[in-house]
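Shown next, in C-alpha cells, is the structure this report addresses.
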Amino acid sequence: MIYVSTRGQTPALGFSDAVAMGLAPDGGLFLPESLPDLSGRLASWEKLRYAELCFEFMREFATDIPAETLRVIVEKSYTAFSQAEIAPLKQLGSRVHVLELFHGPTLAFKDFALQLLGNLYEHQCQERRETINVLGATSGDTGAAAIHGLLGKPGTAIFILYPDGRVSPLQERQMTCTGAENVFALAVDGTFDDAQTALKEVFGDQEFRRRHRLSAVNSINLARVLAQCVYYLYAWFRLPAAQREFAEFVVPTGNFGNVLAGWLLQRMGVPIGGFKIATNQNDILYRLFATGEYRVGAVTPSLAPSMDIQVASNFERFLYFQVGRDPAKVRAILEQFKRTGDYRFAEWDRGTFSASRCSDAEIPGIIQRVYREFGYVVDPHTACAFKDLSPDRVSVVLATASPAKFPETIASAIGVVPTHPSLEALKSRPIVKHRIPATPAAIRAFIDQHAVA
Ligand SMILES: *Cc1c(COP(=O)(O)O)cnc(C)c1O
C-alpha cells in the first residue's frame with residue numbers, strides 16, 4: 001500500500017515513511033492511494049478481540065512492516081488499557097448505545113492512536129538504529145496521550161509545550177507526574193498560540209530539525225486516523241445485526257479527526273448508517289454541514305476544551321474525496337480559504353452526515369438529563385453528542401473522555417464528583433515541569449541540552 005498527499009506535490013511513500021513524516025512536504029496530508037474493500041473480510045473478523053481486530057485492519061495498511069512484528073506492536077499498544085474489552089459498547093436505552101473510548105492510560109480517546117504511534121516510533125528507532133526526539137504543543141489531552149505513548153521508551157525523548165496555568169490541574173499532572181526520564185513537560189509563559197507559533201519556527205529550522213531527528217506530534221498523522229477506524233468497526237460488530245446498517249455514530253469533534261476515521265471505514269465497505277458531527281460552541285463544522293459554507297470564526301474557550309478549534313486540520317482529507325481526489329482542486333480551495341477565511345461549496349453533498357452544535361450554557365443541563373434518564377455520567381465533550389439524538393434511529397455515541405477528568409463541571413451539574421484511581425494516584429506524585437519563555441531560542445536551547453543523541 002502506498003500513500004499520497006492530498007496536495008499532490010509529494011512523491012508517493014510507504015507506510016513507515018508517511019508515518020515518520022507526519023505532514024507531507026507540500027503541506028498536504030497523507031492518504032492511502034486507494035482504499036481497500038473490507039466487505040469480504042467482515043464475517044471472519046466479527047469475533048476477534050480488540051487487538052486482534054486492530055492487527056488485521058492495520059495489516060492492510062502497514063504493508064512494509066512484517067506481519068509478526070506488526071502483531072507485537074499492536075498487541076503491546078492495548079495492554080495499558082484498564083478494561084479487557086478496550087472499547088466497551090454499553091447500551092443505555094433501546095436505541096442508544098455509548099462506546100467508551102476512555103479506558104486508556106490518559107482517560108481520553110487519543111490513547112487509541114497515540115499508544116500505537118509510540119510503538120511504531122519505537123519500532124522505527126530500532127529498525128533504523130536511530131534515536132528520535134518528538135516535539136509538540138498541547139492545550140491538554142493530546143500532550144498527555146503523546147507522553148504516555150512514549151513513556152520510558154529507549155532511544156526516544158518527548159518534549160511537550162503547554163501554556164503554564166492554562167491547562168486543567170489534572171491534565172498538567174498527567175504530563176508532569178510521570179517520573180520518566182525521557183519526558184519533558186515544558187510550561188511556557190504565554191498562551192497555547194504563543195507555544196504553537198514558537199514551535200512552528202523551531203520546526204522551520206531544517207538544520208536543527210535534522211540534527212535532533214525531530215518529529216512532530218499532531219493530529220494529522222496517518223497512523224492516528226487509521227488506528228481510530230478500528231473502534232468503529234469493533235463497535236459495529238457489537239451492535240445487534242439488524243441495527244448495524246441503520247446505526248448513526250455520534251461523534252464529538254473538533255479537528256474532524258475522529259469522525260473522519262469512521263467515514264473512511266464506511267468507504268472501505270463497512271455499511272454504517274451515518275455520522276453525526278457534534279461540535280461545541282466553536283461550530284465551524286456544524287455550519288459547514290448545515291449550509292455548505294466553511295468560514296472561520298473566533299475561538300471561544302468552552303467547557304469542552306479539546307474541541308475548541310478554529311480550523312479543522314483533518315477536514316482536508318475529506319475535502320480531497322469531496323472534489324473527486326483532485327489535488328489541484330484541493331489546493332485551489334485551501335488557497336482561497338487561507339486568503340479570505342471563507343469558502344462556499346457550490347454543490348455540497350453532505351452524504352450520510354448530520355450535525356449538531358452545543359453551547360456552554362447547554363452542557364450542564366445535558367449532563368443532568370443523561371444522568372437522570374440513563375443513570376450514566378458523561379464528560380462535557382460527550383455531553384455535546386447527546387444534544388439532540390435522532391429519535392427515529394439507533395445512535396452510537398462516542399464517549400471521548402472520562403468524566404473524572406472534568407470533576408468541577410460534573411459536580412456543578414449533578415452534585416457528584418467523579419473520580420478515577422489513576423488520577424487519584426497522580427495527586428501524591430511530584431510535579432516535574434520546566435518553565436521556559438515561549439521563544440524559539442529558549443526551546444532550541446532546552447532541546448540542545450536534553451535531546452537523546
Ligand atoms: C481531541 C478530543 C476531541 C476531538 O477530537 P478530534 O479528533 O479533534 O475530532 C473530543 N473529545 C476529547 C475528549 C478529545 O480529547
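Just follow the structure's listing: the first ligand is 1, and inside any ligand the first atom is 1.
- In this structure, E424 pairs ionically with K427, as a charged nitrogen and a carboxylate oxygen lie closer than 4.0 Å.
- Of the protein's non-hydrogen atoms, N258 N, 3.2 Å is the one closest to atom 7 (O) of ligand 1.
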Carefully, step by step, assess R59 and E56 under the rule salt bridge (charged side-chain N to carboxylate O under 4.0 Å, His left out). CA-CA 5 Å; R59 231 176 127 168; E56 293 295 340; 3.7 Å; yes

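- Taking a cut-off of under 4.0 Å to the non-hydrogen atoms of K110, the atoms of ligand 1 that pass are 1 (C), 2 (C), 3 (C), 14 (C), 15 (O).
- With hydrogens left out, the protein atom closest to atom 8 (O) of ligand 1 is N255 N, 2.7 Å, a heavy atom.
- Which parts of ligand 1 touch G257 is read off a 4.0 Å heavy-atom cut-off, strictly below it: atoms 6 (P), 7 (O), 9 (O).
- If you run ring pair (Phe, Tyr, Trp, His ring centres under 6.0 Å) between F256 and each of F318, F275, Y286, only F318 comes through.
- For F109, every heavy-atom contact with ligand 1 shorter than 4.0 Å involves the side chain, none the backbone.
- Side-chain atoms of N255 and S313 form a donor-acceptor pair, as typed in the model, at a separation below 3.5 Å.
- Near T253, with a cut-off below 4.0 Å to any heavy atom, the atoms of ligand 1 are 9 (O).
- Heavy atoms of D141 found under 4.0 angstrom from ligand 1 belong exclusively to the side chain.
- On a distance-only criterion, H381 and ligand 1 share no N/O pair closer than 3.5 Å.
- Judged purely by distance below 3.5 Å, without hydrogens or angles, the side chains of D308 and N280 pair a donor atom with an acceptor atom.
- What sits closest to atom 12 (C) of ligand 1 on the protein, heavy atoms only, is T400 OG1, 3.5 Å.
- A cation-pi contact, defined as under 6.0 Å to the ring centre and within 45° of the axis, links R238 to Y234.
- For the pair D379 and ligand 1, the shortest N or O to N or O distance does not fall below 3.5 Å.
- Under a 4.0 Å criterion applied to the non-hydrogen atoms of F256, ligand 1 contributes the atoms 9 (O).
- Taking the side chain as every heavy atom from C-beta outward, P271 and Q266 never approach each other to under 4.5 Å.
- The pair R49-E85 fails the salt-bridge criterion, with no side-chain N (NZ, NE, NH1 or NH2) lying under 4.0 Å from an Asp/Glu carboxylate O.
- The pair R331-D26 does not meet the salt-bridge criterion, since no charged nitrogen lies less than 4.0 angstrom from a carboxylate oxygen.
- Compare A385, C384, S306, G254 by their heavy atoms: the one nearest to atom 9 (O) of ligand 1 is in G254.
- Interface atoms of ligand 1 facing A401, defined by a heavy-atom separation under 4.0 Å, are 13 (C).
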